[in-house]
Amino acid sequence: MSNFNDNANWRYATKKFDTTKKVSTEDLNTLKEAIRLSASSFGLQPYKVLIIENPEIREQLVGASWGQKQVADASHLIVFANELNLGEAHVDAYFKNLIETRGIPAEAIKDYSEFMKSSVLGIPEDIRAIWTAKQTYLALGNLLNAAAELKIDVTPMEGFVADQYNEILGLKAMGLNASLIAPIGYRHEEDATQHYAKVRKSNEDLFITL
């Protein structure tokens, strides 16, 4: 646990990336696997994850990110995009995967499948989109922790204009919406914020034991 806490203390929202340093393919694959293994409600993973290397696209996205240069200067930009129209087909795809992965007959999970469909599809579509967006935060948490272990910097960001991201990346045509972004790479030695003490609530102010 000490290593986990040490990593948590090491990480911070990087303000300036070193443009000369790139995340290796091996480390990027490790981060992708950490995201893939993230928890999600019902295990549905109702989102897609875009990994953007193209510098021209990222320069376009700076303007949609309140001018924050991390989007262009980082090694890669990760965009979490939630499903807008999560429906029966998504649930069916999940159960097809479940049946193939665990080698069980479809009949064995029929009741659970029907329960999940009634639970998910019973949510109004606008509320369902909010719910799928929340799932991306779970995936972001896995990314932050895995990256810190590899000493890769991440800047989790909500400071961007989702509609502009959706337009630039063509997300609406895919039934997706940009919910979170996370530039990843390596901190620049001139980024003074890396030396700031981490400001967090005390245990007394944060935790309530009942």
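These figures come from a predicted structure and were not determined experimentally.
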Query raised in the report: Within the distance-only criterion (no hydrogens, no angle test), does the side chain of His195 pair as donor or acceptor with the backbone N or O of Ala192 below 3.5 angstrom?
Result: no

Query raised in the report: Closest approach of Ile57 and Ile52, non-hydrogen atoms and distance?
Result: CG2-CG2, 4.0 Å

Query raised in the report: Where the side chain of Gln194 meets the backbone of Asp191, is there a donor-acceptor pair that is under 3.5 Å apart?
Result: yes

Query raised in the report: Side-chain donor-acceptor pair under 3.5 Å between Thr14 and Gln70, yes or no?
Result: no

Query raised in the report: Per the side chain to side chain contact (heavy atoms under 4.5 Å, CB included) rule, which among Ile78, Ile35, Leu180 passes with Leu140?
Result: Leu180

Query - Glu33 bridged to Arg36 by N-O distance under 4.0 Å - result: yes

Query raised in the report: Checking Asp153 side chain against Arg187 main chain: does a donor-acceptor pair fall under 3.5 Å?
Result: yes

Report task. Tell me, yes or no, whether the heavy-atom count around Glu149 atom CD, taken from other residues, nucleotides or ligands under 6.0 Å, exceeds 12. Result -> no

**Report entry** Side-chain heavy atoms of Asn29 within contact of Thr25, under 4.5 Å
**Finding:** yes

Requested in this report: State, with a plain yes or no, whether a side-chain heavy atom of Lys172 is found less than 4.5 Å away from one of Leu84.
Outcome: yes

Query raised in the report: Would you say Lys198 has more than 12 foreign heavy atoms packed within less than 6.0 Å of its NZ?
Result: yes

Query raised in the report: Are Leu171 and Leu77 connected in the hydrophobic side-chain network, where two residues link if heavy atoms are under 4.5 Å apart?
Result: yes

**Report entry** Residue pair Leu121 / Arg128, side-chain heavy-atom distance below 4.5 Å
**Finding:** yes

Report task. Report yes if some heavy atom in the side chain of Met116 is under 4.5 Å from a heavy atom in the side chain of Leu44; otherwise report no. Result -> yes

**Report entry** Pairing residues for Glu125 by the salt bridge (charged side-chain N to carboxylate O under 4.0 Å, His left out) criterion, not counting sequence neighbours
**Finding:** none

Query - Whether over 12 other heavy atoms sit under 6.0 Å from Tyr112 OH - result: yes

Query raised in the report: Between Asp73 and Thr19, is there a donor-acceptor pair closer than 3.5 Å when you use the side chain of the first and the backbone of the second?
Result: no

Query - Any donor-acceptor N/O pair, Ser75 side chain to Val23 backbone, under 3.5 Å - result: yes

**Report entry** Side-chain heavy-atom pair Ile184, Phe17 within 4.5 angstrom cut-off
**Finding:** no

Report task. Check for a donor-acceptor pair, side chain of Thr132 on one end and backbone N or O of Glu83 on the other, with a separation under 3.5 Å. Result -> yes

Query - Ser65 side chain to Tyr165 side chain, donor-acceptor N/O pair below 3.5 angstrom - result: yes

Query raised in the report: Donor-acceptor pair, Arg58 side chain versus Ala74 backbone, under 3.5 Å?
Result: yes

Report task. State, with a plain yes or no, whether a side-chain heavy atom of Pro183 is found less than 4.5 Å away from one of Met157. Result -> yes

Report task. Please determine which of Val154, Val49, Ile152 meets the side chain to side chain contact (heavy atoms under 4.5 Å, CB included) test together with Leu143. Result -> Val154

**Report entry** Distance-only donor-acceptor check, side chains Asn7 and Asn145, under 3.5 Å
**Finding:** no

Requested in this report: May I ask you to check whether over 12 heavy atoms, not counting those of Lys117, lie within 6.0 Å of atom NZ?
Outcome: yes

Report task. Answer yes or no: does atom NZ of Lys151 have more than 12 heavy-atom neighbours from other residues, nucleotides or ligands under 6.0 Å? Result -> yes

Requested in this report: Determine, using the 4.5 Å side-chain heavy-atom cutoff (strictly less than), whether Phe160 and Leu176 are members of one ILVMFWY cluster.
Outcome: yes

Requested in this report: Verify the cluster assignment for Val79 and Ile168: are they in a single hydrophobic cluster under the rule of side-chain heavy atoms below 4.5 Å apart?
Outcome: yes

Query raised in the report: Between Leu98 and Ile104, is any pair of side-chain heavy atoms under 4.5 Å apart?
Result: yes

Query raised in the report: Judged by atom type as modelled, is there a donor-acceptor pair below 3.5 Å linking the side chain of Ser113 to the main-chain atoms of Ile109?
Result: no

